[in-house]
Amino acid sequence: MAKRYSGNRLAVLNGLRLLAALTVVFYHYVALARPWGHPTDTIFPTAHKLAQYG
């Protein structure tokens, strides 16, 4: 008979989905220059180096 899992498994999955969505938002605001109007490597020098690998 199959084991039944509690709701914790779904909570972990939702947490991973949230983390993935925030990572995408971070990439779009730090790696792309369109939202700021200036090169993002001058606005966010450290974060840009991390986000440029997408």
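Along the sequence shown, residues are numbered consecutively beginning with 1.
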Interatomic distance, Leu19 atom CG to Asn14 atom CG [nearest 0.5 angstrom]: 12.5 Å
Leu50 side, atom CG; Thr46 side, atom OG1 - distance, nearest 0.5 Å: 9.5 Å
Single-linkage hydrophobic cluster, 4.5 Å side-chain cutoff, Phe26 and Ile43 together: yes
Heavy-atom pair with the smallest gap, counting every atom of Val30 and Ala51: CG1-CB, 3.9 Å
Greater than 12 external heavy atoms within 6.0 Å of Tyr29's OH: no
